[in-house]
Amino acid sequence: MKYILLIILSISLYSNAQVKPVDTVDTRWKMFTYDMGTIFKSVGHSYSRPFHWKGKQWTDFGMVVGGTGFVYLFDDNTSQFIRNNREGVPQWIRDYGETYGNPENNYLATSGVYFTGLILKNEKLRRTGVLLVASATSAGLLQQVLKSAVGRARPLARLGKDTFDPFNSSRNFHSFPSGHAILAFTNAYAIAKQFKNPWLKAGIYTVGAIPGISRVWDGQHWLSDMVFAFAISIATVESIDRYLDSKYDQKYNDQDKKVSWNLTFGPGQVGLNLRF
């Protein structure tokens with residue numbers, strides 16, 4: 001179950017590549033060294049983007065911070081509500097959420113996509129693997145730094161949503177943001193780029209969101225931890241995807257794609273809408 005999206009992706013890209021694309025380099029070893037160097041440069045590129053942001057990018061960042069802050073205000077109630085309803089969720093879904101967001105399983109799956117593309121000499125599949133690995137690495141390292149620097153107490157610590165102890169080595173103070181949510185949704189967002197059907201995209205996003213939600217179910221994270229994690233995933237994938245456009249012939253965003261997320265509120269409800 002945890003590899004179903006990546007298996008579908010591999011089959012889809014392979015079936016659509018009956019005419020083998022022209023690779024930028026000619027041997028698998030050269031492809032491999034080129035791709036590994038591109039992954040390393042992609043991570044550096046994603047971290048350098050804030051230094052190049054202009055008005056719109058800073059406005060978007062402000063909206064993400066403001067939206068996360070708004071969700072934070074209601075973390076006690078929303079997170080408790082989600083935890084109270086966990087028993088109504090099938091066990092296999094909860095198990096999937098825990099397993100797929102694990103870093104070891106994440107890299108096993110994403111590297112499998114890459115090496116399939118390398119073996120087949122399929123540039124589109126290789127590029128997808130590079131996007132997956134580079135995005136997971138960039139977002140994963142960032143969340144590790146933020147977890148330690150912010151030092152937010154997990155719900156299971158029973159210290160409240162407002163407890164922070166930066167650089168505390170205990171995992172009980174590594175709540176913000178959710179690492180499982182980041183890795184799983186980064187994969188889902190990158191995979192969804194391969195498809196144009198909005199319903200299929202929505203389905204992939206939903207499957208990718210389950211690991212983040214499962215961590216709220218289990219009391220490991222607050223709802224705001226998950227919301228900010230999703231924002232990191234989207235920003236990271238978008239940044240690296242655009243960088244890879246200059247490195248590979250195969251592109252996914254030849255047309256301008258605008259992605260936005262909005263928070264919606266109503267009596268007794270809070271929601272997150274992703275528009276694409």
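Heavy-atom minimum distance, K201 versus A192: NZ-O, 2.8 Å. Between T186 and S135, the closest heavy-atom pair is CG2-CB, 3.4 Å. The two atoms that bring M226 and A181 nearest to each other are CG-CB, 4.2 Å, heavy atoms only. When all heavy atoms of G160 and A153 are compared, the pair lying nearest together is O-CB, 4.5 Å. Between H174 and K147 the shortest heavy-atom distance is O-NZ, 2.9 Å. Nearest heavy atom pair, residue A139 against residue I232, reads CB-CG2, 4.1 Å.
One finds the CE atom of M31 at 12.0 Å from the CD1 atom of I119 (value rounded to the nearest 0.5 Å). Here the NZ atom belonging to K41 is positioned 13.5 Å from the OG atom belonging to S48, to the nearest 0.5 angstrom. To the nearest 0.5 Å, the span separating CZ on R242 from CZ on R49 amounts to 11.5 Å. Atom OG of S79 sits about 9.0 Å away from atom CG of N77, to the nearest 0.5 Å. Interatomic distance, F115 CZ to T110 OG1, rounded to the nearest 0.5 Å: 10.0 Å. Going from atom CG of N172 over to atom CZ of R158 covers 11.5 Å, rounded to the nearest 0.5 Å.
Between F32 and T27, the closest side-chain pair of non-hydrogen atoms is not below 4.5 Å. Using a 4.5 Å heavy-atom cutoff, the side chains of R171 and Q220 are in contact. Between V89 and N85, every side-chain heavy-atom pair lies at or beyond the 4.5 Å cut-off.
Counted within 6.0 Å of OH on Y47, heavy atoms from surrounding residues, nucleotides or ligands total more than 12; the atom is thus considered enclosed. More than 12 heavy-atom neighbours from other residues, nucleotides or ligands sit within 6.0 angstrom of OH on Y107.
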inquiry  = What verdict does the side chain to side chain contact (heavy atoms under 4.5 Å, CB included) test give for Y189 and E238, after you've listed the backbone C-alpha separation in whole Å, the side-chain angles of each residue and the deciding distance to 0.1 Å?
reply    = CA-CA 9 Å; Y189 193 76; E238 287 292 338; 2.5 Å; yes
request  = Report the C-alpha separation of T68 and Y72 in whole Å, then their side-chain angles, then the decisive distance to 0.1 Å, and conclude whether the side chain to side chain contact (heavy atoms under 4.5 Å, CB included) test is met.
outcome  = CA-CA 6 Å; T68 303; Y72 168 84; 5.5 Å; no
request  = Quick one: do I82 and L223 satisfy side chain to side chain contact (heavy atoms under 4.5 Å, CB included)? Show the steps, please.
outcome  = CA-CA 9 Å; I82 294 173; L223 182 61; 4.1 Å; yes
query = Do F230 and Y205 pass the ring-ring contact (aromatic ring centres under 6.0 Å, His included) test, and can you show the C-alpha distance, the side-chain angles, and the key distance before you say yes or no?
reply = CA-CA 10 Å; F230 288 169; Y205 292 149; 9.8 Å; no
query = What do the steps show when you test T236 against I240 for side chain to side chain contact (heavy atoms under 4.5 Å, CB included), and what is the final call?
reply = CA-CA 6 Å; T236 301; I240 292 178; 4.0 Å; yes
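L183 and L146 fall into different hydrophobic clusters, where Ile, Leu, Val, Met, Phe, Trp and Tyr side chains are chained together by heavy-atom contacts under 4.5 Å. Connection of Y34 to V130 is established within a shared hydrophobic cluster, with ILVMFWY side chains joined at heavy-atom distances below 4.5 Å, either directly or through further cluster members. Side-chain heavy atoms closer than 4.5 Å link hydrophobic residues (I, L, V, M, F, W, Y) into clusters, and following such links, even through other members, never connects F40 to Y114. Both V207 and W92 belong to a common hydrophobic cluster when Ile, Leu, Val, Met, Phe, Trp and Tyr are linked at side-chain heavy-atom distances under 4.5 angstrom. In the hydrophobic cluster analysis, where Ile, Leu, Val, Met, Phe, Trp and Tyr join through side-chain heavy atoms closer than 4.5 angstrom, V133 is grouped together with W29.
For Q80 and N84, the side-chain atoms include at least one donor-acceptor pair closer than 3.5 Å. In the model, R126 has no side-chain atom that pairs as donor or acceptor with a side-chain atom of T38 under 3.5 Å.
S148 contributes no side-chain N or O that, together with a main-chain N or O of Q144, makes up a donor-acceptor pair within less than 3.5 Å.
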Would you tabulate the side-chain donor-acceptor contacts of residues 210-218 under 3.5 Å, counting partners in other chains and residues two or more places apart, or write 'none'?
residue : atom : partner : partner atom : Å
S214    : OG   : P211    : O            : 2.6
R215    : NH1  : E98     : OE1          : 2.8
D218    : OD1  : R86     : NH2          : 2.8

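A salt bridge is defined here as a Lys NZ or Arg NE, NH1 or NH2 lying under 4.0 Å from an Asp or Glu carboxylate O, and R127 with E123 fails to meet this definition. In summary, R28 and D35 do not engage in a salt bridge, as defined by a charged side-chain N under 4.0 Å from a carboxylate O.
Chaining together hydrophobic side chains whose heavy atoms lie under 4.5 Å apart places F173 alongside L159.
Tested against R152 for a salt bridge (charged side-chain N to carboxylate O under 4.0 Å, His left out), the candidates D75, D162, D165 yield a single pass: D75. Residue V113 is tested with I191, N187, T128 for a side-chain contact (heavy atoms from CB on, under 4.5 Å); the sole match is T128.
Using cut-offs of 30° and 60° for the angle between ring planes, the F61 and W58 rings count as perpendicular.
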